[in-house]
Structure formats: structure tokens, C-alpha cells
Amino acid sequence: MSGRLLRLACTATMAAQVALAPMSAAAAPDPGRSVSKLLTDLQGLYRQTEQATETYNATAEKLTAQRAEVRRLDGELTKARMALRGSREDAGRLARQQYQNSSNFSVYVRVLLARDPQQALDEGHVIGRVAGERAATLDRLTGAEKRADALARSARKALDTQLTLAERQKKQRDDVTKRLSEVERLLASLTPEQQTEMSRLEQDGVTEAQRRLIDAGTLGDDDRPASAEGGQAVRYALAQIGKPYRWGAVGPASFDCSGLTSRAWARAGTPIPRTSQEQWARLPHVPLNSLRPGDLVIYFPEATHVALYLGDGKVVQAPRTGETIKISPIAANPVLGAVRPDAAPRRL
């Protein structure tokens, strides 16, 4: 996390600062602890917001796929109903023919009474063939009715699922908005002194985490080159530096964390899952000491944040609301692990 997370606090009102005064006064004997607690609270809110964002993104992906399924089923149902109409027309035509050519004599009686039994047998074959055609027509009609009914049920079920997903997405969007409001309220309540102190504590925390990671040899020798696709993904991500973070966004004007990584790898010719949680769940894992540029670094136990590795202990990421896409130390957030998109089978 960077010291720029507090830029929104510059819009804090004097009333908000006054409201905070009792808390500041109570913390006066140990201001460092108070600011540290504020930083922890703020980081927790950002983490919750990002988790809500990734949940929203997952539902949005499911909703997009479900809408496509509804369109497909609607198209299939239209074709099935046209086929059913044709089968009914064929069945009606056969019914009229049967009524017009009805006879009380069976084929066998006609053979027995015929002056020319061979001709009667030949006529019997024709009659049998016609009967077979009638049976086939009725089979087609029955099959068309069953298929149309089944498709109608599937289409109704798919539409119900779509409506359920749309309602779930709306609730999740409201949840993200609510959490962002909580972040903004906390930022607006900070005094300039608290802003400065929180920025320092935040940067010190990142620096210490990065030092521990490097001293432990977790990143290995870090001289592995990127694959061709990984290099393309890196170049795309670097070209987005300075663009704003916006939750739910996949470019080109703005991105959220997984929107950036998924778009970068899609531009490299390797489509990957949309969300950081799905990227962690479905892409091949690689140890941190085997990282190469283009790999994805996943953060937090819930896999709710992701960045793209650049090499030399750095990542490019879309951090969070209020910040822009930037290069950061790999330890800018608690690392969960890493995945390699171009080691995955192309079945996503």
C-alpha cells in the first residue's frame, strides 16, 4: 500500500475534524498507537471493499454468461417451434389424405379378393410405405413437441437464473458502495497530522515487509526472463500506469486489480478468469522463488487482490479507489502466492 491512499482526506471538513477531537484528545498520551489503530481500520475497510468488489465481479461474469445462455435457448426455442409448426402441418395433411382415401378393407383382404394378386401385393407395398411415412411424420411431431416443451422449460429456468443473478449483483453493488462510503467517512475524519503519520506508518510497513521477503530469499535469484506472452502482458500493464482504479472496471480508461491482470493477459493471447479468486483457483501455482515477469501475485488469505509481477521484487497493480495504476514492491500487501497464466491449458 502507498502513502497516496489518503489524498481523499484533503477534502475533510472542519466539522468532521471537530467531531474527531475527543478521540484525538483521548489518544494524546500515545498518539502513535491511535494512528496505528486508524491505519489498521482503514486497511481493513479497503480489504473488505476489495473483497466485495471481487464478489461483484464474479457475479457480473456469471450474469454475462447467463444472458448469453438465455439468448441461445431463445434461438433454439424459436427453431423448435418452427419445426413443430412444420410437423403439425405435415400431420394435418396426412390426416386429410387418410380421411379422403379411407377404406374398410385391409391390405390382406385386398390381396385375397384381387383379380391380380401380384398387383395387389405391389399396391400393398405402396400402402405400407405410405403408412411408414405417416408413422415417421407422427414421430417427428411427437419429438418436436417434446423438444419444444423441454426448451421452453429450460428457457424459463435460465431466465429465472438470470433475474436472480441480476438481483444478487444489485445487492453486491450496493455493498461495495456502502463500504466505499465507510472508507470516505474515515478518510474525511483525519487531521493533517494523522494523514502524515498514517502515510509514514504505511510506508514503513511496506518497506519492512519487502526487506523480510528479500532477506529470506523468498524471491530466489530473480533473473528468469518472461515468456513471449508474459512479456506482452507486462508491456500492456505498464502502458496503463497512471490510469485510475475503478471497481468493476476492465479498461480501457480505468481498471480494478483483476480487471488489469485479466485484460493484460487477454491482450497477450491467453484469456484468464476475470477475478483474482478465480485466477488463484484455476491457474497453475508457482513458488515465489520461481517467479518470472508476467506471473500474477495473489494477495490476502481470501485471494482478493492481484498484481502482475515485473521482476526485481516489483509488481504493477491497480491498488484501490482513489489511486492510479502504478509500480509497487511485491510486499505492498500480504502475499498469498503466485500463478502462471501461460502454464495453464487453454480451456478457460
Side-chain angles (χ1 to χ4, degrees), residues 1-6 32 35-36 39-40 42-44 46-47 50-51 196-242 245 255-258 260-261 264-265 268 272 276-277 279-281 283-320 323-343:
M1 298 163 69
S2 80
R4 284 186 288 173
L5 70 90
L6 304 172
V35 172
S36 176
L39 178 59
T40 299
L42 184 59
Q43 290 172 338
Y46 272 124
R47 181 174 171 183
E50 192 153 44
Q51 185 168 359
T196 301
E197 181 65 11
M198 286 178 68
S199 294
R200 185 190 64 77
L201 287 175
E202 184 181 45
Q203 186 57 51
D204 288 348
V206 172
T207 300
E208 176 61 20
Q210 185 80 359
R211 185 192 63 76
R212 289 197 304 267
L213 199 65
I214 294 173
D215 289 350
T218 304
L219 298 181
D221 55 18
D222 201 36
D223 62 353
R224 287 164 293 280
S227 65
E229 290 175 324
Q232 292 180 52
V234 166
R235 287 190 292 276
Y236 179 85
L238 289 175
Q240 312 314 310
I241 287 177
Y245 175 101
F255 299 84
D256 63 19
C257 66
S258 57
L260 176 64
T261 56
W265 272 98
I272 63 174
S276 59
Q277 292 170 328
Q279 290 168 6
W280 175 247
L283 297 176
H285 292 201
V286 293
L288 294 180
N289 61 11
S290 297
L291 279 175
R292 68 187 188 193
D295 290 344
L296 305 183
V297 181
I298 311 295
Y299 296 94
F300 301 111
E302 303 86 1
T304 52
H305 187 69
V306 60
L308 193 135
Y309 191 62
L310 299 176
D312 196 29
K314 298 290 194 303
V315 295
V316 57
Q317 63 165 335
R320 59 188 172 226
E323 296 199 29
T324 61
I325 295 173
K326 63 182 181 181
I327 294 174
S328 304
I330 191 175
N333 294 290
V335 177
L336 174 62
V339 295
R340 180 164 293 161
D342 52 351

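- With contacts defined as side-chain heavy-atom distances shorter than 4.5 Å, the pair L238/L310 qualifies.
- Distance check, rounded to the nearest 0.5 Å: CG of L219 to CG of L213 gives 4.5 Å.
- Heavy atoms only, all atoms of each residue included: P329 and V315 are closest at O-CG2, 3.9 Å.
- In plain terms, the two heavy atoms of A318 and L260 that are nearest each other are N-CD2, 3.9 Å.
- Screening residues 207-219 for salt bridge (Lys or Arg N to Asp or Glu O under 4.0 Å) gives E208-R211, E208-R212, R211-D215 as the qualifying pairs, with residues at least two apart or on separate chains.
- For the pair L42 and E202, the minimum side-chain heavy-atom distance is 4.5 Å or more.
- Shown here are the side-chain contact (heavy atoms from CB on, under 4.5 Å) partners of L336, two or more places apart in sequence or in another chain: W280, I298, A303.
- Legend: residues meeting side-chain contact (heavy atoms from CB on, under 4.5 Å) with R292, ordered by chain and number and at least two apart, are R224, S227, D295, R340, D342.
- With sequence neighbours left out, the salt bridge (Lys or Arg N to Asp or Glu O under 4.0 Å) criterion links R200 to E197, D204.
- The nearest pair of heavy atoms linking P293 to P225 is CD-C, 4.1 Å.
- D256 places a side-chain heavy atom less than 4.5 Å from the side chain of Y245.
- Pairing each heavy atom of V234 with each of G294, the nearest pair is CG2-N, 3.5 Å.
- Here Y299 pairs with H305 under the ring-ring contact (aromatic ring centres under 6.0 Å, His included) rule; sequence neighbours left out.
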Can Q279 and S258 be said to form a side-chain hydrogen bond (donor to acceptor under 3.5 Å, both in side chains), step by step? CA-CA 9 Å; Q279 290 168 6; S258 57; 5.2 Å; no
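- The minimum heavy-atom distance between Q277 and E302, with the atom names listed, is NE2-O, 3.0 Å.
- By the 4.5 Å heavy-atom criterion applied to side chains, L296 and I272 are counted as neighbours.
- T218 places none of its side-chain heavy atoms less than 4.5 Å from the side chain of V335.
- Among all heavy-atom pairs drawn from S328 and Q317, the shortest one is OG-NE2, 2.8 Å.
- The side-chain contact (heavy atoms from CB on, under 4.5 Å) search around A268 returns E229, Q232, A233, W265, not counting sequence neighbours.
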